[in-house]
Structure formats: C-alpha cells, structure tokens
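Working notes, beginning with the structure itself.
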Amino acid sequence: PTLLRRFIANRITHARLHESTQQYAAIGFSPINRISTRQVGLLQAALRRRDPRTEVVLINRYTEPRADAVISNLEFNGRRVFALPLYPHFCHSTSASSLRDLDAAMFAKFGHMPPAITRIFSWWHHPAYERFTAQALNERIATLNGPVTVLFSAHGIPMRYHERGDPYYHETKGHFDRLVQRCTEAAGARRGELAFHLAFQSRVGKMPWLGPYVTDAIPELGKRGGTILVVPISFVSENIETLYEMDITYRDLALRSGFREFQRLKTPDAEPAFIECLVQVLESHGL
C-alpha cells in the first residue's frame, strides 16, 4: 500500500542520510544533473541540424525537473514525441518506472487520450553504441601493461525482480558478451593477458541481489595481481556510484586485495561521439 511504502521509504532515508551525505561531500556532490543537462543541449543541437523545430527536454526521476512539471509546461501542437531513457539496458526499476512517471504526467495533462509516444526501451545493442563503447575500452586496455583484469560493473537489482522475468540481467550479460568478443579480437597476441568478468554493485538491505557482487568478486580476482580496469557498463553519466563507490570504495578494496594498480573507464557523459550514438538510436526508431 502507498502509505506503507512511504513510511518505509522515510525510515530508510533517515537511516542512510548521514552516510549518503558524507559520500556526496567526498565527491563534491553529484554532477549527474549537470551532465544530463549538457547531454540534452548537445542532443538538441545535433537534431536541430536535421530539423530546427526539434526540442529535447530533460525529465528526472527523483529530483527536479520531474515529469509532471515538464509535461504541464510543454506545448505539443501535434508534434511527434519520443521517450529516450538514459539507461542502455531495460529494467522495471529504472526504465519502466521512468516511463510510468511520463505516462502519469501525460494523463494528467491530456486525460485518457494523450499524444502517442515512441518509446525506446533499451539501446545497448545498437551498433553505434557498441562500437563507441568497444573503442573506448580497447583504447584504455592498450595503455595498460602486464595482466589486466577487466571487471564490468553493473548496477544490481533484487533477485526477485530477475526471478519475475525482468530482462535486465540478460541485456547486461548480452552487452558484456559482445564487448568481450570485440576486445578479445582486438587484443591479438595480448589476449592471454586479459581476463573479463561481470559483477553487480550497489546492493541495499539484506535481501538477495543479482550476483556476483563486486565486493565479493574483487578480493577473489585480486589473487591474479596486475591491473584491474573497472568498466561502468550500465552508466552513461558520472554519479555517486562511479565517483564514490567505484573510485574510492572499490579502489581501496582492489589495492588491498592484491592488485598493483586500479583503473576505471570513464562514463560517456557529453562526448560528441556518444551524442551521435543517441542520434542514431532515435533515427533507428523512426525520428
């Protein structure tokens, strides 16, 4: 029930407030809204070169600008509408919940006959994005010497979501497999020095989450020594889970576990090549 969920959510928020505040302070507070705003501006500029009437707006899930405020202030005037969640892999707790927010805002504005929306549920498999990610990863691997453990870290979800048929694990694993194939082919004679692994982070509470957990994987992988390269496979913008959880917590754990060096691949953020990926994703859906 809604009231019970709100009560529990408030209890969890108060319990985690002090720790979360310290973590945000350690990274200078999250840049994700600033990055997302930059992504929106660059995407709009790129699309307006095709059609100057194109408008791109940002909707956040948990902070302003939220769906209800954004949609209530927009003039649609018969325009085609596209919804592009900035989650490469579909998950009910991220992509679907964002689209439900959008639906609620559209129903509030238009009633039960809102404008049709072209929904892009996931786009990890788009060739442009796959090439972009593989190129960034191969370029970083080429700078590293000796044995390299490449650990792809994805945001975890409760195991019960997976057991109910949520596609997130399968999409993430499919993305991982494709990138490993590309990196192995590019490595040539070095392929024997590379080891690739997928794990999941950001577990909350005592319930089972998708595994293996990053915090369990790193100590085991550290026995191999050499360099660990952490790849944030499910993130397209820097946030507390990359800047604190990866760069601080996982770095310390990795160096204590036997790795001599910790490296982390940056998220795409507002790189022009990434913005072009989003353009091509939209075009492949009929824009």
Side-chain angles (χ1 to χ4, degrees), residues 30-136 171 175 232-239 242 266-287:
S30 177
I32 190 168
N33 211 33
R34 184 172 68 252
I35 294 170
S36 298
T37 301
R38 177 71 172 152
Q39 290 167 334
V40 164
L42 290 174
L43 181 58
Q44 178 171 277
L47 293 175
R48 281 186 173 178
R49 287 193 286 270
R50 302 165 67 257
D51 186 338
R53 298 169 298 173
T54 303
E55 184 175 7
V56 181
V57 297
L58 173 66
I59 293 176
N60 284 331
R61 181 73 176 88
Y62 296 110
T63 186
E64 300 298 336
R66 296 178 186 267
D68 52 357
V70 172
I71 296 302
S72 65
N73 290 319
L74 281 180
E75 294 295 333
F76 289 83
N77 298 325
R79 289 183 174 187
R80 298 180 64 197
V81 183
F82 293 79
L84 174 63
L86 286 176
Y87 306 106
H89 317 97
F90 181 85
C91 179
H92 283 86
S93 63
T94 54
S95 313
S97 65
S98 297
L99 292 171
R100 283 196 296 270
D101 266 8
L102 176 60
D103 284 341
M106 293 292 280
F107 284 130
K109 184 178 180 72
F110 295 102
H112 290 285
M113 293 295 291
I117 301 175
T118 299
R119 301 157 190 273
I120 302 171
F121 293 103
S122 65
W123 41 272
W124 63 271
H125 44 74
H126 193 283
Y129 184 62
E130 184 181 325
R131 287 193 301 269
F132 168 80
T133 310
Q135 180 178 347
E171 296 202 359
H175 193 185
I233 189 172
S234 57
F235 303 99
V236 299
S237 304
E238 299 291 356
N239 60 86
T242 59
K266 297 298 183 183
T267 58
D269 289 351
E271 290 189 31
F274 172 62
I275 302 303
E276 178 57 28
C277 289
L278 297 183
V279 171
Q280 293 190 36
V281 168
L282 286 162
E283 288 176 341
S284 69
H285 285 78
L287 181 68

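Computed from heavy atoms alone, side chains included, the values below leave out hydrogens, waters and symmetry copies.
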>> So which atom in G111 and which in P114 form the shortest heavy-atom distance, rounded to 0.1 Å?
In response: O-CD, 3.6 Å

> Quick check: does any side chain N or O of R61 sit under 3.5 Å from a backbone N or O of S95, one acting as donor and the other as acceptor?
Replying inline: no

> Is R50 reaching over with its side chain to a backbone N or O of A46, donor-acceptor style, under 3.5 angstrom?
Replying inline: no

> Between T118 and V81, is a side chain to side chain contact (heavy atoms under 4.5 Å, CB included) present by the stated rule, with each step listed?
Replying inline: CA-CA 6 Å; T118 299; V81 183; over 6 Å; no

>> For a side chain to side chain contact (heavy atoms under 4.5 Å, CB included) check, start with the C-alpha distance between I32 and E238, then their side-chain angles and the critical distance, and finish with the verdict.
In response: CA-CA 6 Å; I32 190 168; E238 299 291 356; over 6 Å; no

> How far does OG1 of T267 sit from CD1 of I35, to the nearest 0.5 angstrom?
Replying inline: 5.5 Å

> Only one of V70, I59, D68 clears side chain to side chain contact (heavy atoms under 4.5 Å, CB included) with L102; which?
Replying inline: I59

>> As an exercise, state the distance from CZ of F82 to NE2 of H285, rounded to the nearest 0.5 Å.
In response: 9.5 Å

>> Check whether E271 reaches the backbone of A273 with its side chain - one donor and one acceptor, N or O, closer than 3.5 Å.
In response: no

> Do W123 side-chain atoms and P85 backbone N/O form a donor-acceptor pair below 3.5 Å?
Replying inline: yes

> Is any side-chain heavy atom of F132 less than 4.5 Å from a side-chain heavy atom of P268?
Replying inline: yes

> How many angstroms lie between CD1 in I117 and CE in M106, if you round to the nearest 0.5 Å?
Replying inline: 4.0 Å

> Any Lys/Arg nitrogen of E55 or R48 sitting under 4.0 Å from an Asp/Glu carboxylate oxygen of the other?
Replying inline: no

>> Checking S97 against H92 for the side chain to side chain contact (heavy atoms under 4.5 Å, CB included) test, could you report, in this order, the C-alpha distance in whole Å, the side-chain angles of both residues, the deciding distance, and whether it holds?
In response: CA-CA 6 Å; S97 65; H92 283 86; over 6 Å; no

>> For F121 and F90, take the angle between the two ring planes, folded into 0 to 90°, and tell me which bin it lands in: parallel under 30, tilted 30 to 60, perpendicular over 60.
In response: perpendicular

>> For a side chain to side chain contact (heavy atoms under 4.5 Å, CB included) check, start with the C-alpha distance between L43 and V40, then their side-chain angles and the critical distance, and finish with the verdict.
In response: CA-CA 5 Å; L43 181 58; V40 164; 5.8 Å; no

> Using 30° and 60° as the class limits, which term best fits the ring planes of F76 and F110: parallel, tilted or perpendicular?
Replying inline: perpendicular

>> Let me confirm one number: the OG1-CZ distance from T54 to R80, rounded to the nearest 0.5 Å.
In response: 10.5 Å

> Are Y129 and W124 close enough, and set up right, to give a ring pair (Phe, Tyr, Trp, His ring centres under 6.0 Å), and what steps lead you there?
Replying inline: CA-CA 7 Å; Y129 184 62; W124 63 271; 9.3 Å; no

> Is the closest basic N to carboxylate O distance between D103 and R119 below 4.0 Å?
Replying inline: yes

> Would you say R38 has more than 12 foreign heavy atoms packed within less than 6.0 Å of its CZ?
Replying inline: no

> If we only count heavy atoms from C-beta on, is the V57 to I71 side-chain gap below 4.5 Å?
Replying inline: no

> Is there a donor-acceptor pair closer than 3.5 Å between any side-chain N or O of D51 and the backbone N or O of R53?
Replying inline: yes

> Can you tell me how far the CG atom of D269 sits from the OG atom of S36, to the nearest 0.5 Å?
Replying inline: 9.0 Å

>> Quick check for you: to the nearest 0.5 Å, what is the distance between I120 atom CD1 and L282 atom CG?
In response: 4.5 Å

>> Does either side chain, that of H125 or that of H175, offer a donor lying less than 3.5 Å from an acceptor on the other one?
In response: no

>> Under a plain distance cut-off of 3.5 Å, with no hydrogens placed, do S237 and N239 share a side-chain donor-acceptor pair?
In response: no

>> Tell me the closest heavy-atom pair linking C277 and A128, and the distance in Å.
In response: SG-O, 3.4 Å

> Taking all atoms of both residues into account, what is the closest heavy-atom pair of V236 and F274, and its distance?
Replying inline: CB-CZ, 3.8 Å

